[in-house]
There are 2 protein chains.
Amino acid sequence: MDDWLKYSEEVEASWVTVDLAIFTLRDDQLMVLLIERGVEPFLGRPALPGGYVQKGETLRAGALRELWEEAGIDASRLHLEQLGAYGEPRRDPRGRVVTIAYLALGPDLPAPVGGTDAERAYWFPVSQLHKQSYELAFDHADILSDALEEVRRKLEYTAVATAFCGKSFTLTELRTVYEVVWGQHLDPSNFRRKVIKTAGFVQPTGEQRLPPTGRPAALYRRGEAWLLSPPLLRGGGQSA
Amino acid sequence: MDDWLKYSEEVEASWVTVDLAIFTLRDDQLMVLLIERGVEPFLGRPALPGGYVQKGETLRAGALRELWEEAGIDASRLHLEQLGAYGEPRRDPRGRVVTIAYLALGPDLPAPVGGTDAERAYWFPVSQLHKQSYELAFDHADILSDALEEVRRKLEYTAVATAFCGKSFTLTELRTVYEVVWGQHLDPSNFRRKVIKTAGFVQPTGEQRLPPTGRPAALYRRGEAWLLSPPLLRGGGQSA
DNA sequence: CCCCTAAAGGTCATATTGACTTAAACAAGG
DNA sequence: CCTTGTTTAAGTCAATATGACCTTTAGGGG
């Protein structure tokens, strides 16, 4: 640690945290997990779940642990990817805190339970975020906004939409993911055609599922491909 | 800082650094800026430029400052975007150091000059990186690999290729960027057609440039669009 | 058996792509 | 001042993909 000395005036120790923007679909709405902060600063304010990275812990492991501690969610089944680092000097009143934001997606997840630092945890509809009175703690509004944009873009050129579905799913369910996340209607027929001919996106399980009414739907599971080529572009309001 | 106390056993102070993967094109080769480390650890080994973030400094400002200090490059004209955070517990032998990696792109840049912590700085051809004997310090090989993949993907759906060109450029120059970065030949005619009809990608300046021989080429500048729709996909080896 | 519903599959005009050809604009050389 | 070489620019065309529809199929319930 010798060569740190000459920086003693300019370099400072930092604390590193992880924050999670975790999304799921509940009754055809895109929901994000928020907590009500149980400690200062921003006590009582809504925030993304997160907390300090611990000794010897990878960033990813820290994200998984915080999700479990603050909301009782086992993220091992989730899609989890890093979003980026947020390190504005004054983003945390307690000192220099750099946070690594993670993006998580999962199928219809259980109601979360509050944890140690979180008074309570709950699913909140993304569509209601703009409502005044909903000011998130720290710079979490920025993080959440970036996370949303990332999800919407990733639906286009990766198979990440399947992370919102169960192990097997119908094409209608998959299309609903796109419709809800993009907030636009897609033509069922054209959507089916594109998805099926996109190599490695989905593969039929051979089984079926009965809808409440109507013809049985074939079930699919994720294919091997992660990157979609060609991608499913959301053009300007079209239908597939 | 009160609530940090209860974590005293598990939470540790960290040092935050920035590292830069900066690319440019020099005589039709993709080059990355490397430095030879002038201090321990990894003294004498090649590495990405980078260093500690200072007090009150944003991460981005730290990246710009390090680039100037270690290679004498003024990055204010460059395209600079965050790549992600790398925080494996043992990635730095000196202790817990989390680095925020930045990706920078610029037009044919001047030969860099060595700085304080860098014995020397130099442009290195990306194509030569796999060569054994070229083992970068820390986890910089991972960062560089991620940066390369990011550049290649971003060429597809953003106008970032223009960052490799000067203020005005010919379509042949722009095409060369794609060809060098993707390592694949593109049909000049089809490339022209796509670029021109992609709204907001480029706009003609009205001026021309005389090539060493042949018909004058029209000059273009960047358009207003950042996201390309439709994107320029690199399919499977085709021509536009 | 008939009706309702949702899935699955088909049609068709238009737009886009990839491969290729042709025309245009300069410099140099005889 | 006409020819040649070279590079940019523009055009052709068959194959494919897309967007907007329509039709058929396979259930359940009355």
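A note on names: the letters A, B, ... follow the listed sequences, proteins ahead of strands, and every chain is numbered from 1.
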Closest to the [X] side chain: [options]?
X	options	value
B/Lys197	C/dT16, C/dA25, D/dC21	C/dT16
B/Arg215	C/dA27, D/dA9, D/dT18	D/dA9
B/Lys194	C/dT17, D/dT8, C/dA27	C/dT17
B/Asn190	C/dA25, C/dA6, C/dC20	C/dC20
B/Leu210	C/dT5, D/dA9, C/dA27	C/dA27

Report the C-alpha separation of B/Leu109 and B/Arg77 in whole Å, then their side-chain angles, then the decisive distance to 0.1 Å, and conclude whether the side-chain contact (heavy atoms from CB on, under 4.5 Å) test is met.
-> CA-CA 11 Å; B/Leu109 291 166; B/Arg77 295 182 316 133; 4.1 Å; yes
Report yes or no: is there a donor-acceptor pair, N or O only, under 3.5 Å between the side chain of [X] and the base of [N]?
X	N	result
B/Arg192	D/dA9	no
B/Ser189	D/dA10	yes
A/Arg193	D/dG19	yes

Distance, nearest 0.5 Å, that separates CG of B/Leu144 from CG of B/Leu34 =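 Answer rounded to 0.5 Å: 7.0 Å.
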Taking atom types as modelled, find out whether A/Glu81 and A/His79 have a side-chain donor-acceptor pair closer than 3.5 angstrom.
-> yes
A/Phe191/A/Tyr178 aromatic ring centres below 6.0 Å =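 Ring centroids of A/Phe191 and A/Tyr178 are less than 6.0 Å from each other.
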Quick check, are the ring centers of A/Tyr134 and A/Phe124 under 6.0 angstrom apart?
->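 They qualify: ring centres under 6.0 Å apart.
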Base, sugar-phosphate alone, or nothing: which one does B/Thr172 contact when heavy atoms must sit under 4.0 Å apart?
-> sugar-phosphate
Starting at [atom1] of [X] and ending at [atom2] of [N], how long is that distance when rounded to a whole Å?
X	N	atom1	atom2	answer
B/Gln208	C/dC26	CD	P	6 Å
B/Asp187	C/dT17	CG	P	13 Å
B/Arg209	D/dT6	CZ	C1'	17 Å
A/Arg234	D/dG19	CZ	C1'	18 Å
B/Phe191	D/dA10	CZ	P	15 Å
B/Leu219	C/dC26	CG	P	13 Å
A/Leu233	D/dA17	CG	C1'	12 Å
B/Glu207	D/dT8	CD	P	18 Å

Along DNA chain C (nearest heavy atom to each residue), the more 5'-positioned of B/Pro230 and B/Pro212 =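 Counting from the 5' end, the first nearest nucleotide belongs to B/Pro230.
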5' priority, DNA chain D, between B/Ala217 and A/Pro211 [closest heavy atom] =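 Here B/Ala217 is the residue nearer the 5' end.
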